[in-house]
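A note on names: the letters A, B, ... follow the listed sequences, proteins ahead of strands, and every chain is numbered from 1. Just so it is clear, the structure is predicted and the values come from calculations on it, not from any experiment.
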Number of protein chains: 2
Amino acid sequence: MYKRYCKLQVLYYFCGMKKNRSDCPISCSLDVFGDKWSLLIIRDIMLRGKLSYSEFLKSEEKIATNILVNRLNILESENILSKSVSPDNKSKFVYSLTKKGIDLLPIVIEIMDWGAKYNENCPRREIGKKIQVDKSKVISDYLDKLTEEFG
Amino acid sequence: MYKRYCKLQVLYYFCGMKKNRSDCPISCSLDVFGDKWSLLIIRDIMLRGKLSYSEFLKSEEKIATNILVNRLNILESENILSKSVSPDNKSKFVYSLTKKGIDLLPIVIEIMDWGAKYNENCPRREIGKKIQVDKSKVISDYLDKLTEEFG
DNA sequence: TTAAGTTATTGCATTTTGCAAGTTCTGCAA
DNA sequence: TTGCAGAACTTGCAAAATGCAATAACTTAA
């Protein structure tokens with residue numbers, strides 16, 4: 001029963017919501033991931049090795065289950081994530097980044113760097129420190145890693 | 001009368017809303033500008049030479065007046081924008097980017113590049129084409145320009 | 001066929017957004 | 001000094017999105 005609902009949700013997304021506010025690339029991008037949750041899901045899968053609904057749910061920001069389902073559907077509809085049955089556990093789904101999703105990496109890295117620079121209460125972890133030393137190397141290294149893993 | 005209200009809005013922002021969802025720098029950044037409008041205001045001032053309330057209001061995405069006031073207050077409270085009387089027209093305010101605001105440039109550029117790459121209906125303008133050729137040069141050129149203008 | 005793990009839905013309260021209309025403020029010119 | 005026009009801001013209401021807690025559906029393996 002809820003599969004049908006899920007498909008409806010995707011359908012609504014494509015039918016009703018496809019109106020971009022303008023043809024500005026920044027505006028169009030924000031139409032897709034301009035909210036407080038989408039890029040955190042991307043972060044989890046991109047930098048923290050999380051792959052499944054239940055793992056995303058455990059993140060410290062405490063996303064609600066309905067919001068998570070909704071965002072996963074949108075990101076899948078937009079071809080940023082793709083969903084498949086886990087090879088390890090056949091009753092489980094795993095999400096992977098498409099090329100389009102992997103290409104969000106520089107945005108995520110820049111946001112992380114800015115956030116760490118201007119928030120005293122945000123400690124830089126390994127990756128944050130590496131970014132300070134050589135940001136473009138971090139990006140190209142992760143790009144290779146993600147391409148190997150998902151691409 | 002509305003000046004007092006404006007100060008109240010800022011007060012509410014500082015008192016009530018200062019709860020970051022986590023100490024992750026990405027999450028903290030999104031707590032500030034993770035919505036569909038804030039970065040469009042930044043874009044207008046950063047790349048389009050817009051400086052005032054009435055100019056922001058004219059952008060093609062058609063932000064509502066109450067949302068615009070709210071976001072300007074937040075961005076000012078967060079020390080991303082600063083507000084002053086226009087030297088040209090004393091009955092007018094102009095906003096300028098702080099250092100913290102200028103440092104959003106790489107994020108904005110990366111979002112623009114991604115958006116142009118994955119939206120056929122988003123034509124690349126001059127800056128979009130320059131980004132394809134040499135992104136880091138575009139960033140450093142604009143950084144110089146913005147620093148001279150605002151910094 | 002049932003238990004355990006995983007994913008999805010629902011209903012309701014709260015918050016945010018969108019929209020349209022109106023208000024206040026400021027400087028300037030008559 | 002008054003009135004006007006441009007600019008900035010507020011308000012009220014409807015609509016949409018979010019947050020929360022409880023529940024339901026699905027899948028596989030035993």
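A residue-by-residue look at A:Asn89 and A:Lys62 shows that A:Lys62 has its nearest nucleotide of DNA chain D further toward the 5' end. Comparing A:Lys90 and B:Glu55 along DNA chain D, the residue whose closest nucleotide (by nearest heavy atom) sits nearer the 5' end is B:Glu55. Nearest-nucleotide positions on DNA chain C place A:Val94 closer to the 5' end than the other of A:Val94 and A:Arg21.
Taking 3.5 Å as the limit, the base of D:dT10 and the side chain of B:Thr65 contain a donor-acceptor pair of atoms between them.
Computed from coordinates, the B:Leu68 CG to D:dT10 P distance equals 12 Å when rounded to whole Å. Residue B:Asn73 contributes atom CG, which lies 16 Å from atom C1' of C:dT16 at whole-angstrom precision. A:Leu72 places its CG atom 11 Å from the C1' atom of C:dA8, with the value rounded to the nearest Å. Rounded to a whole Å, the CG atom of B:Asp35 is 14 Å from the C1' atom of C:dG18. One can place CG of A:Leu81 at 14 Å from P of C:dT7, the figure rounded to the nearest angstrom. Separating the CZ atom of A:Phe93 from the P atom of D:dA25 is a distance of 17 Å, rounded to the nearest angstrom. We find that OH of A:Tyr53 is positioned 16 Å from P of D:dT27, with the value rounded to whole Å. Here C:dA20 presents its C1' atom at 14 Å from CD1 of B:Ile67, a figure rounded to the nearest Å.
In this structure, of D:dT11, D:dC20, C:dA8, it is D:dT11 that holds the atom nearest to the side chain of B:Asn66. Taking every side-chain heavy atom of B:Tyr95 into account, D:dC9 is the closest of D:dC9, C:dG18, C:dT7. Counting only heavy atoms from C-beta on, B:Val69 has its side chain closest to D:dT10 among C:dA8, D:dT10, D:dA8. Looking at the side chain of A:Ser91, the nearest of the listed nucleotides D:dT28, C:dT17, C:dC19 is D:dT28.
An OP1 or OP2 oxygen of D:dC9 is reached within less than 4.0 angstrom by a side-chain nitrogen or oxygen of B:Lys83. For the pair A:Trp37 and D:dG19, the criterion of a side-chain N or O lying under 4.0 Å from OP1 or OP2 is met.
If you check every strand for non-hydrogen atoms under 4.0 Å, A:Ser52 touches sugar and phosphate atoms only.
Around the NZ atom of A:Lys100, the shell of radius 6.0 Å holds more than 12 heavy atoms that belong to other residues, nucleotides or ligands. The environment of CD in B:Glu60 is crowded: more than 12 heavy-atom neighbours from other residues, nucleotides or ligands sit within 6.0 Å. Heavy atoms of other residues, nucleotides or ligands lying less than 6.0 angstrom from NZ of B:Lys90 number 12 at most.
A distance below 6.0 Å separates the ring centres of A:Phe33 and B:Trp114.
Geometrically, A:Lys83 engages A:Phe93 in a cation-pi contact, judged by NZ or CZ lying under 6.0 Å from the ring centre and within 45° of the ring axis.
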